[in-house]
Amino acid sequence: MLDRKLIRENPDFVKAGALRKGIEAPVDEFLRIDSEWRAAIHDLEQKKAESNKISKSIGQLMGQGDQAGAEAAKAQTGELKEAIKALEPRVKDLEQQLEKLELTFPNLPHESTPDGLTPDENVEVRAWGSQPTGDYKPHYDIAEELQMIDFAAGAKISGSGFVVYTGYGAKLVRALTNFMLDFQVDENHYSEVYPPALVSSESLTGTGNLPKFADDLYRADEDLWLVPTAEVPVTNLLRDEILEPWQLPVKFAAYTPCFRKEAGAAGRDTRGILRMHQFDKVELVKFVRPEESYDHLEELVTNAESILQALGLHYRVLLLCAGDMGDKGCKCYDLEVWAPGEQRYLEVSSCTNFEAFQARRTNIRFRPEPGAPPEFVHILNGSGLAVPRLMVALLETYRQADGSIAIPEPLQRYMGTDVIPVPPTA
RNA sequence: GGAGAGAUGGCAGAGUGGUCGAUUGCGACGGUCUUGAAAACCGUUAAGGUGAAAGCCUUCAGGGGUUCGAAUCCCCUUCUCUCCUCCA
């Protein structure tokens, strides 16, 4: 959601910003309804003020024992009441139209976000490590060979897009999750939370997933949906709160399973575990002062990167162009880890500054100074990181000549071993 | 799932039809005092909308109703707590 005043005062700026994302924002329609609404509510409020005044005087007259005067005043209110009753539905209707329209506006890209509409126009800002060379196996072959993933079982139980992790595979999921959570909590000072995996429509509207992107979500019940990311429950954790200045920045790290229909991606990345309907992820969410939010974005990216560095995996950082970053963001970095078996980079994290877009929808504010009127915080989030693709890179990178997997040092205590051995063939 | 109780400002907690947007306490902020701090005392302190401003409007969980007038009365919904039932 954008600031209404911004749309009123700088309609062309808003149009231009949306256009950078390839979206035509309904600015003119908004302005038309908005001015109608303002006229209507002004009218209504004047009538209410008058009516309130008379009601108050009735109370006073009765207090003075002037029954006749009170009755006379009562008679006066009839007409006003009718007028108010007639105006109210119109105001309400306009208000609802306005709110509905408002939710469809995309967030505007930051000035440092590069132009462009396609992934080709994203900008690589840095890379870490180097691409390993040699012969590499794709992860699905490795996982099968080491009996870490049962693809057929996933399909049998739930259909395509689901797998069963087995043995060291299951343990690796758990190890990566725990490692990442501990790391972000201990090294980067995030507070750990474990939120619900089912959320209400209101929560999803707050983060911007609804109403626009309902097709990506699994719906469990009339008003209960499976989370596509921990971002949704964690952002809503502070809904309707006013934070005191010393509380900022608030930093949360959370693990949840994530559920996505991937409706628009049918047929893509079907092999292996690159794109699944259920996967695990650790998410980082920050609530910060507006003037600091872009520094916090850089820090967030660094926090996410630190996991890949600790695991010794080659990756690159992309700054997404306006058209590729989606509706909600102002500026977004993607982390892409190198998967030697795939011979390509895989997105394992998306770190985004939403500025006040989500804060407006969720009504999360702070006081700049004690006693000062509240302002919206800026909200940022980033994966830290997505488990399956990280596992892909790990397996493909650390497969040794004998087929076993060398476990990077920081992960060893979580795995209870420094190597995943090749099981004896039956 | 059944029975009962409740939902009020950052928090605690009064208020059961007429200057109640709301007594009071805590917290926070400002001041007096103090070398400084604490204590004590005095004062300030909800949010949103609209308007150039003065002001006006809305909000006591949410929605509807009664009334000239609702935090207060009635109906519905949601949530919380207690007891019962059930369950990992």
Side-chain angles (χ1 to χ4, degrees), chain A residues 1-9 30-103 194-206 220-225 233 236-248 250 257 287 289 356 359-377:
Chain A
M1 191 162 17
L2 300 174
D3 186 356
R4 280 189 189 179
K5 288 201 176 94
L6 181 72
I7 307 175
R8 278 177 203 151
E9 288 163 17
F30 179 89
L31 291 177
R32 184 174 55 74
I33 298 171
D34 181 56
S35 70
E36 264 182 70
W37 169 72
R38 281 194 289 169
I41 198 161
H42 187 73
D43 200 15
L44 174 67
E45 287 186 353
Q46 269 187 338
K47 296 238 174 4
K48 278 194 176 175
E50 217 173 314
S51 160
N52 286 346
K53 218 174 183 176
I54 296 174
S55 288
K56 234 172 220 178
S57 75
I58 292 174
Q60 282 171 353
L61 289 168
M62 288 178 77
Q64 293 160 10
D66 184 353
Q67 284 298 330
E71 286 306 318
K74 271 190 203 184
Q76 275 183 32
T77 59
E79 208 174 304
L80 273 173
K81 244 189 125 179
E82 290 303 310
I84 289 171
K85 257 193 180 152
L87 276 168
E88 259 172 350
R90 164 138 181 85
V91 169
K92 209 175 212 177
D93 178 55
L94 286 167
E95 228 159 44
Q96 278 171 357
Q97 283 186 48
L98 214 51
E99 277 161 24
K100 208 172 155 192
L101 197 60
E102 196 168 41
L103 290 177
Y194 182 69
L198 279 82
V199 294
S200 65
S201 305
E202 194 181 352
S203 291
L204 284 157
T205 305
D221 203 351
E222 176 59 26
D223 190 43
L224 214 46
W225 310 66
N236 280 280
L237 198 52
L238 297 183
R239 189 164 74 207
D240 294 321
E241 301 226 0
I242 299 175
L243 303 165
E244 294 303 330
W246 56 82
Q247 292 179 269
L248 296 178
V250 178
F287 304 81
R289 304 178 79 104
R360 254 182 228 109
R361 285 171 167 244
T362 45
N363 193 29
I364 301 174
R365 293 168 296 173
F366 79 107
R367 288 183 204 288
E369 306 292 335
E375 283 177 32
F376 290 112
V377 296

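Letters go in sequence order (proteins before strands), and every chain restarts at 1.
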Closest listed nucleotide, where the reference is the side chain of A:S55 and the choices are B:rC56, B:rG64, B:rG18: B:rG18

A:R8 side-chain N/O to B:rU50 phosphate OP1/OP2 under 4.0 Å: yes

Does any N or O in the side chain of A:R361 come within less than 3.5 Å of the main-chain N or O of A:L103, such that one atom is a donor and the other an acceptor? yes

Looking at A:R38, does any N or O in its side chain come under 4.0 Å of the phosphate oxygens OP1/OP2 on B:rG51? yes

Quick one: does A:D223's side chain have a donor or acceptor within less than 3.5 Å of a partner on A:S201's backbone? yes

Considering just the side-chain nitrogens and oxygens of A:R367, establish if one lies under 4.0 Å of OP1 or OP2 belonging to B:rU45. no

Of A:P374 and A:R4, the one whose nearest nucleotide on RNA chain B sits closer to the 5' end is A:P374

If you count every heavy atom of other residues, nucleotides or ligands that lies below 6.0 Å from A:E88 atom CD, does the total exceed 12? yes

Which nucleotide in B:rC68, B:rU58, B:rA47 has an atom nearest any side-chain atom of A:I242: B:rA47

Given atom CG of A:N363 and atom P of B:rG62, what is their separation to the nearest angstrom? 13 Å

Tell me whether the side-chain N/O atoms of A:N52 come closer than 4.0 Å to OP1 or OP2 in B:rU58. yes

Side chain of A:K92 - closest among B:rG49, B:rG48, B:rG64: B:rG64

